[in-house]
Every structure is written in C-alpha cells, then in structure tokens.
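Since the structure is predicted, the reported quantities are computational estimates derived from the model, not experimental observations. Letters go in sequence order (proteins before strands), and every chain restarts at 1.
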Number of protein chains: 2
Amino acid sequence: MDDSDRAILGCLLRNARATYAQIGSEVGLSASAVKRRVDALTRRGVIRGFTVVIDPDALGWRTEAYVQLYCRGNVSPEALQRVLAEVPEVVSASTVSGSADALVHMVAADVRQLERAIERIRRAPWIEQSVSDIVLSRIIERPTGPQLG
Amino acid sequence: MDDSDRAILGCLLRNARATYAQIGSEVGLSASAVKRRVDALTRRGVIRGFTVVIDPDALGWRTEAYVQLYCRGNVSPEALQRVLAEVPEVVSASTVSGSADALVHMVAADVRQLERAIERIRRAPWIEQSVSDIVLSRIIERPTGPQLG
DNA sequence: CGTGAAAAGACGTGCTG
DNA sequence: CAGCACGTCTTTTCACG
C-alpha cells in the first residue's frame with residue numbers, strides 16, 4: 001500500500017470503468033503496471049469488487065429510514081442477521097454499542113412499504129422496541145471511506 | 001426501464017467491470033445492445049457512476065459510528081452540510097424526522113480519531129447534543145437499494 | 001430496438017532491465 | 001517492480017432488419 005496504490009484507488013472510486021491506460025496517465029504509471037497493482041489489491045482483498053452506483057429515486061425508491069432495534073435478552077448477531085437478511089428493504093445493518101442493540105438502514109418505495117418491512121422485522125419474538133428515523137434529505141453521500149490516507 | 005435494464009443493472013452491481021459481451025450473454029442481448037442501454041441509463045441518470053468497493057479495514061479504518069445530532073433552533077440542511085463536508089470522517093449524513101435532527105455515518109481509523117472528528121462537528125454553535133452509537137459488527141451490507149423491482 | 005461486421009483500441013501475458 | 005511488445009479479445013461505430 002504505497003502512494004501509487006492510493007492514487008489508483010482514488011481513480012477507481014471516481015470511475016471504476018476507467019481503462020488501465022487512463023489510470024496510468026493520471027498516476028504516472030504504464031497500463032500494465034496499473035493492472036498488476038489492481039490485480040494485487042483485488043487478490044489481497046483491499047478491493048472487494050466493482051459496482052455501479054444507481055439513483056434510488058430513478059428505480060422508485062423514495063423512502064429511506066434508519067431503524068434502531070432494542071432486543072430482549074442476549075440476541076446473537078447471527079440471529080439478527082438471519083432475520084434481517086430476509087427483508088430486502090434492509091440495505092445495511094450493524095450491532096452497536098449504546099442505547100440500541102442494532103441500527104438498520106432501510107430503503108423502500110414509499111412509507112407503506114417501509115412500514116410493512118419494519119413490521120416483518122418486529123415479528124421476531126425477541127424484538128422489544130424499534131425506533132425509526134425517516135430520512136428527510138440526504139446531506140452528504142461519499143463513495144466510501146474518508147480520504148485515502 | 002424494462003426487465004433487460006434491470007438485469008443489466010444486476011450484472012453491473014455484482015461486477016461493474018464486466019465486459020458488454022459478458023453482460024449480454026447473461027441477459028440475452030448482444031454486446032452492442034447492452035452498451036446502448038448502459039449509455040442510455042447513464043445519460044438518464046439512473047446510473048450515477050461506477051466505483052470500487054474497498055475494504056475499510058485494509059485501509060486502516062477500523063472504527064465506525066452513527067452519530068445523532070440535536071440542534072438548537074431551526075438549522076438549515078445547507079448549514080449542516082457546510083459543517084459536515086469539512087470533516088473527512090463523515091461518510092454520509094441525512095436530516096431525519098424523529099427525535100434527532102440529523103444522522104451522521106462516520107468512519108475513522110480508531111476511537112481517538114473518531115472522537116476528534118465528533119468534537120470538530122460539535123464546535124458548531126447550534127449543536128446542542130450528539131449521541132454516538134459505535135458499530136460493533138456489520139451484520140448486513142448490500143451493494144445498494146434492495147431488489148431491482 | 002435489435003443484430004452483425006469491421007476498425008480502433010484495450011487487455012493480458014511474457015520478457016527484459 | 002517497471003516498461004515494452006505482442007496476439008487476442010473488447011469496445012465502438014456503422015449500416016441494416
């Protein structure tokens with residue numbers, strides 16, 4: 001992981017379909033050198049994959065929420081995962097330290113669909129309470145982690 | 001936006017560097033037809049861009065948190081954006097309806113760096129309170145929106 | 001809106017400094 | 001590790017169903 005690798009990752013963050021030659025001219029390397037580094041980063045797991053960023057609104061998802069889950073007793077992350085994986089509206093979820101046990105990020109077409117998805121999660125018997133914060137407007141949305149340093 | 005478009009987006013979500021020929025054989029179209037559709041989706045804004053998914057841990061980011069911000073008086077989303085954009089540890093942020101005014105997703109190298117970043121946000125005079133939930137473990141992490149339907 | 005062909009260019013490997 | 005050169009496969013554009 002040197003400066004060249006970080007520069008390459010920066011290029012790929014902005015455009016993952018850039019050619020190796022393009023990236024090379026930006027970071028000052030030849031195309032084959034860039035490819036070798038990208039392959040190495042992928043093999044080492046630094047690069048998890050390449051995806052497309054889709055506008056949720058264009059696909060009809062206009063409602064977003066963060067839901068805090070409070071559980072009864074000790075619920076394992078695996079049990080939580082099993083329940084949440086069944087709900088397609090769940091985009092990401094983490095166990096957290098603090099008031100709630102888990103924080104779930106959800107995206108749905110509308111409030112009705114969101115409500116139904118939350119109901120489905122709450123059917124798990126060990127869910128005690130859920131607190132939903134509906135997103136009003138996205139203020140910041142960065143590709144991934146902060147600066148490459 | 002028909003089934004072919006959705007199938008193409010599904011392929012690109014899994015691997016944004018797939019060739020048009022590869023995508024075509026998966027969705028049952030020729031390479032040129034796929035390219036035309038991808039170009040159209042990009043032009044219409046459905047596709048916002050192509051990025052690489054980086055393992056935060058491999059880059060040294062091992063601490064993640066969701067921070068709820070409570071503000072004094074009416075703070076505009078624009079003012080919030082100005083403050084949060086200055087903090088590189090902020091990955092995403094939204095204004096929310098519910099108890100807090102905003103929810104901020106942050107990634108940092110360690111707890112110390114996270115603490116300093118939160119302090120920097122709290123310097124804004126209209127921040128009344130902040131509640132931080134530190135992520136213990138990621139349970140679910142999906143590329144983007146739920147299923148393509 | 002689809003296919004198919006043909007030119008221009010990128011990829012990916014092997015070799016050398 | 002980097003660069004260069006090579007053959008192969010893709011991209012990109014075109015005319016046409």
So side-chain hydrogen bond (donor to acceptor under 3.5 Å, both in side chains) across residues 91-103 of chain A, not counting sequence neighbours, yields A:Ser94-B:Arg138, A:Thr95-B:Ser137

Please confirm whether the backbone N or O of B:Arg6 pairs with a side-chain atom of B:Asp3, one donor and one acceptor, at under 3.5 Å?
-> no

Quick one: does A:Arg72's side chain have a donor or acceptor within less than 3.5 Å of a partner on A:Gln129's backbone?
-> no

Between OH of A:Tyr20 and P of D:dC9 the distance, given in whole Å, is 17 Å

For DNA chain D, which residues in residues 33-47 of chain A have a heavy atom at a distance below 4.0 Å?
-> A:Ala33, A:Arg36, A:Arg37

Here the distance between atom P of C:dA10 and atom CG of A:Asn15, to the nearest Å, is 14 Å

What stem regions, each of at least 3 consecutive Watson-Crick or G-U pairs below 3.5 Å, can be found for DNA chain D?
-> C:3-11 with D:7-15, C:13-17 with D:1-5

Where the side chain of A:Arg17 meets the backbone of B:Ala16, is there a donor-acceptor pair that is under 3.5 Å apart?
-> yes

Using a cut-off of 6.0 Å, state whether more than 12 heavy atoms not belonging to A:Glu86 lie near its atom CD.
-> no

In whole angstrom, what separates B:Ile8's CD1 from C:dG2's C1'?
-> 12 Å

For DNA chain C, whose closest nucleotide is more 5', that of B:Ala31 or that of A:Arg17?
-> B:Ala31

What's the verdict on salt bridge (Lys or Arg N to Asp or Glu O under 4.0 Å) for B:Glu26 and B:Arg14, showing C-alpha distance, side-chain angles and the deciding distance?
-> CA-CA 12 Å; B:Glu26 278 197 58; B:Arg14 290 201 314 279; 2.8 Å; yes

Check whether the side chain of B:Thr19 and the base of D:dC9 form a donor-acceptor pair under 3.5 Å.
-> no

Is a donor on one side and an acceptor on the other found under 3.5 Å between the side chain of B:Gln113 and the backbone of B:Ala109?
-> yes

Can you check whether any acceptor in the base of C:dG4 is under 3.5 Å from a donor in the side chain of B:Ser32, or vice versa?
-> yes

Give a yes or no answer on whether the side chain of A:Glu89 reaches the backbone of A:Met106 with a donor-acceptor pair at less than 3.5 Å.
-> no

To the nearest Å, how far apart are B:Leu29 CG and D:dT10 C1'?
-> 17 Å

